[in-house]
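So the structure is just underneath, and the comments pick up after that.
None of these values were measured; they are calculated from a predicted model.
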There are 2 protein chains.
Amino acid sequence: MNTLDDLLKNYVQSDKKHFQAGDYIFMQGDSARYIYIVVEGQVRLERFTIEGRSVIMHMADSGESFAEASLFSDIYHCNAVAAVPSEIIFYPGDSVLDAMSKNSFMATQFIAVFAHQVRSLRTRLELRNILSARERIFRYLLLNASPDSGVIVVPVPFKQLAVELGLAHETFYRELAAMEKDGTIRRSDRSITILRSSLI
Amino acid sequence: MNTLDDLLKNYVQSDKKHFQAGDYIFMQGDSARYIYIVVEGQVRLERFTIEGRSVIMHMADSGESFAEASLFSDIYHCNAVAAVPSEIIFYPGDSVLDAMSKNSFMATQFIAVFAHQVRSLRTRLELRNILSARERIFRYLLLNASPDSGVIVVPVPFKQLAVELGLAHETFYRELAAMEKDGTIRRSDRSITILRSSLI
DNA sequence: CGAGTCGTTGAACGGAATCAATCGTCGTGG
DNA sequence: CCACGACGATTGATTCCGTTCAACGACTCG
């Protein structure tokens, strides 16, 4: 039970809808009614600023939820736009709040999901403080390796992992190749094994 | 009511303690009993990995909470070490859970705090995807400017803001000076005014 | 069998980190 | 009360390494 969707689907009725690339899911100032889950696709959250410029606040990928803060606000404070054709689930905010007030176990689970997410985001942010691509990748591997075997199974294409790590995919592949060459790791398809901690 | 401390102090009794730099607040594997708030100082959250290496997961600064996930775990999954002399508040996890189950309003507030934090972390992470220092700073300013006046009041030393933006402070000062010179912003002490959107 | 995407490697460029030095301010203690 | 140290703010010069552009092979899917 790591995602909001896993939790909410047990307690609250939802709706589902498809959006074309460029479609608005909601706009800044609209009354905040729903929490959303990206089933498939990608959603861009952007805020209008002075002079009509927009600034990207977040890109929600498939599996992620967004606009959770709408539970506690009357209006949305940003736009949500489908960046690619996307399948989106809607949970009515008032139903969610209602379920929480009636079911403290569900409320607790809700907090657990958020606490987990906060921890994960903090760690990702901390990784970005590491300048060296090599070191950043290596620390990521250390953090995600199974403690006993030192194996990491990457559930997504490496290209996407590079994005998550904030690296150009070319750099990522290059460093991975270098680390394999010097015996730091071993690769086979989607799994990586840490052999030794080259860098101290 | 934006922080856990603001919320919890109304419902749960806490304890306070001082730590010297290097002191352990808890260690990986200890039974998870408390949620913590950094009143003053800085705490390093680190995880031991294979071969006894440790990887930093997060640096908690003053005002921040940490180990919130301990509410839902039997043991801590990382070490917490005071990086500098620090003043730390403890909230017993079971008391917090108890308060939440008895008071659904408090539980809802708890979720609001987390939702806010998640949104904030996502935005910070998204900012880091911007390669150019100039653009990164400028987008930060746009996001944090008062919508009408375009004024940003920075509550911390610029040096610290540079850290939050993931830039060397020299780079930060340089770009700020350049932006002031070319008329993009105006500065006076701790407040910055956006004059025009130089970059499109 | 093409279109699209992942994976991979090479070469060149640019810009941010780094090292270094200086100034101003604030607090502190002798 | 002044000397000193600590730290923020600032600017200059240099280095380095990650991005970018480019090109190619492998593989999948329609």
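Side chain of B/Ser132, nearest nucleotide from D/dT19, C/dA16, C/dT18: C/dA16. Nearest nucleotide to the A/Ala168 side chain, out of D/dT10, C/dG7, D/dT20: D/dT20. Here D/dG18 is the nucleotide among D/dG18, C/dT18, C/dA16 with the atom lying nearest to any side-chain atom of A/Glu175.
What separates OH of B/Tyr173 from C1' of D/dA13 is a distance of 20 Å, to the nearest Å. A/Asp189 has its CG atom 14 Å from the P atom of C/dC6, to the nearest Å. Rounded to a whole Å, the CZ atom of B/Phe158 is 19 Å from the P atom of C/dG24. For the pair B/His169 NE2 and D/dC7 P, the interatomic distance rounds to 13 Å; values are reported in whole Å. The separation between B/Glu170 atom CD and D/dA9 atom C1' is 10 Å, rounded to whole Å. Atom CZ in B/Arg187 sits roughly 10 Å away from atom P in D/dA9 (whole-Å rounding). Rounding to whole angstrom units, CZ of residue A/Phe172 and C1' of D/dT19 are separated by 16 Å. Taking atom CZ of A/Arg136 as the reference point, atom C1' of C/dA16 lies 13 Å away to the nearest angstrom.
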Could you go through A/Phe26 and A/Leu45, starting from their C-alpha distance and side-chain angles, then the distance that decides it, and tell me whether this counts as side-chain contact (heavy atoms from CB on, under 4.5 Å)? CA-CA 10 Å; A/Phe26 58 76; A/Leu45 286 298; 4.1 Å; yes
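For A/Arg190 and C/dC6, the shortest distance from a side-chain N or O to OP1 or OP2 is not below 4.0 Å. Side-chain nitrogen and oxygen atoms of A/Arg174 include none within less than 4.0 Å of the OP1 or OP2 phosphate oxygen of C/dA11.
When each of B/Arg187, B/Arg174, B/Arg186 is paired with B/Glu180, the salt bridge (charged side-chain N to carboxylate O under 4.0 Å, His left out) condition holds for B/Arg187 and for no other.
In this structure, the ring of B/Phe90 has its center less than 6.0 angstrom from the ring center of B/Tyr36.
Residues B/Thr171 and A/Gly166 each lie close to DNA chain D; by heavy-atom proximity, the contact nearer the 5' end of the strand is made by B/Thr171.
In this model, no donor atom of one side chain and acceptor atom of the other lie less than 3.5 Å apart for A/Ser120 and A/His116.
No donor-acceptor pair closer than 3.5 Å links the side chain of B/Glu87 to the backbone N or O of B/Lys16.
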